[in-house]
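Just so you know, residue 1 is the first one in the sequence shown, and it goes up from there. Every number for a ligand or one of its atoms is a count from 1 in the order of the listing.
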Amino acid sequence: MGTDIKKIGVFTSGGDAPGMNAAIRAVVRAAAYHKIDCLGIYRGYEGMIEGDFKHLTARSVNNIINKGGTILKSARSVAFRTPEGRQQAYDQLVKAEIDALVIIGGDGSFHGGMVFQNEFNIPVIGIPGTIDNDIDGTNYTIGYDTALNTVVEAIDKIRDTASSHRRLFFVEVMGRDVGHIALNAGVGAGAEEILVPEEDLGLDRLLESLKRSKDTGKSSSIVVVAEGDKTGNNVFELRDYVEAHLKEYEVRVSVLGHMQRGGAPSCYDRVLASRMGVKAVESLLEGHNNVMVGTINNQMVLSPLENAVKGSTQINHELLRVSDILTI
Ligand code: F6P
């Protein structure tokens, strides 16, 4: 292909996501296929600064496509935010003769990569890996589909106990500042209400809706709350508010937390990660730089890393409406 890249470094950075291992495997094997060397960089930018590298061959990534987490480990590096830290990282890459970088992570990791590329002119390419699905330039990020399935399974279980005790549950799910996990898992699990940061339902409408549910014969309810939603400030204050205003409800809170980041990746995430890994390596070898691999309408595409860092994703209004209609 069109560049003189001989050795690439691959790393995972920021919050881990199921499918990152499948992406590492794809990068390593695509590199082997094109006869270039591949070094794994451990613990993201932190390991880059320390020179924590390991040569990876096609066989080093056997039996990881089905594993959650990341074999390369992950970290959020404070030192890399300083010019001195980045200089140390660059010196380590030069020593190891790494010509280009594949970053598997979210927007924070891409921001670090962009700054680094601008300072040292080393080619970088991003693969979006985060359960939040909050990155512009791709319809899906690696890990999102698995997290949705994990959340739906958890809510199904909560529903069993909710209906046995005729209780109302507030289930808080991850997503940082966006509501994609809440909305999609909420619809998938048949939640009565879904609270997302992108839409302000308001406490009065929530009470009205819960009251209507009771009046129309529902004995238990699930309200999915995105962690970034501000209705009632947080999920515990929401519980207190509803208990104070709707005496007929017995309310419980369940914060799903980090279990949403674990587990074996879904088939969708494994396939997505495999396609993205191959696309990333081949794009680097074709001379692309400072871009992120994405999937739009099931086609592999490249977009500037800058868009991934600065852009934002939109909540699906059609799905919000579907949820409203189906919770009648
Ligand atoms: O970005 C992934 C994510 O799991 C978010 O959904 C969540 O807000 C955050 O990371 C939690 O971060 P930490 O692992 O640092 O607690």
Side-chain angles (χ1 to χ4, degrees), residues 11-23 42-47 68-81 103-113 126-155 170-186 188-189 194-198 224-231 233-236 253-266 269 272-273 276 292 294 305 308-316:
F11 61 100
T12 48
S13 166
D16 63 325
M20 280 185 162
N21 281 327
Y42 284 79
R43 293 174 295 114
Y45 293 113
E46 220 32 43
T70 157
I71 59 159
L72 292 178
K73 317 294 178 198
S74 194
R76 293 190 169 110
S77 174
V78 176
F80 194 78
R81 293 194 196 132
I103 309 166
I104 305 169
D107 55 354
S109 313
F110 295 159
H111 180 257
I127 296 180
T130 163
I131 63 165
D132 301 335
N133 205 36
D134 59 347
I135 298 184
D136 197 15
T138 188
N139 293 148
Y140 296 103
T141 56
I142 296 168
Y144 174 58
D145 181 68
T146 307
L148 287 182
N149 286 306
T150 302
V151 171
V152 166
E153 203 184 320
I155 297 177
F170 285 107
V171 182
E172 187 193 274
V173 302
M174 280 187 167
R176 205 179 287 274
D177 306 318
V178 299
H180 303 306
I181 294 179
L183 178 57
N184 282 270
I194 301 169
L195 306 183
V196 293
E198 293 87 344
V224 176
V225 186
E227 64 175 337
D229 183 76
K230 295 287 173 278
T231 318
N233 290 329
N234 65 53
V235 77
F236 296 100
V253 167
S254 184
V255 176
L256 297 189
H258 287 78
M259 58 96 80
Q260 294 164 90
R261 291 227 300 254
S266 65
D269 276 328
L272 180 67
M276 285 183 166
M292 183 194 81
L305 263 191
V309 170
K310 291 199 182 137
S312 58
T313 52
Q314 302 294 315
I315 199 77
N316 184 339

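In this structure, CG in D177 is found 11.5 Å from CG in D229, a value given to the nearest 0.5 Å.
Residue contacts with ligand 1, taken as heavy atom pairs separated by less than 4.0 Å, involve R261 solely via side-chain atoms from C-beta onward.
Checked against the 6.0 Å centroid criterion, the rings of Y45 and F11 qualify as a close aromatic pair.
For atom 6 (O) of ligand 1, the closest non-hydrogen atom of the protein is D132 OD1, 2.7 Å.
Near R176, meaning under 4.0 Å from any of its heavy atoms, are these atoms of ligand 1: 1 (O), 6 (O), 8 (O), 9 (C), 10 (O). The H258 neighbourhood of ligand 1 comprises atoms 13 (P), 14 (O), 16 (O), with distances under 4.0 Å to a heavy atom of that residue. Atoms of ligand 1 found under 4.0 Å from any heavy atom of R76 (numbered from 1 in listed order, with element): 10 (O), 12 (O), 13 (P), 14 (O), 15 (O). Residue E227 has at least one heavy-atom neighbour below 4.0 Å for each of these atoms of ligand 1: 5 (C), 6 (O), 7 (C), 8 (O).
For the residue pair D269 and T146, a side-chain donor N or O sits within less than 3.5 Å of a side-chain acceptor on the partner. With hydrogens and angles left out, the side-chain atoms of D16 and T70 include no donor and acceptor closer than 3.5 Å.
Exactly one of T138, T130, N184, D134 qualifies for a side chain to side chain donor-acceptor pair (under 3.5 Å) with Y144. That residue is N184.
Considering backbone and side-chain atoms alike, G175 places an N or O below 3.5 Å from some N or O of ligand 1.
The backbone N or O of E172 sits nowhere less than 3.5 Å from a side-chain atom of E227 that would complete a donor-acceptor pair.
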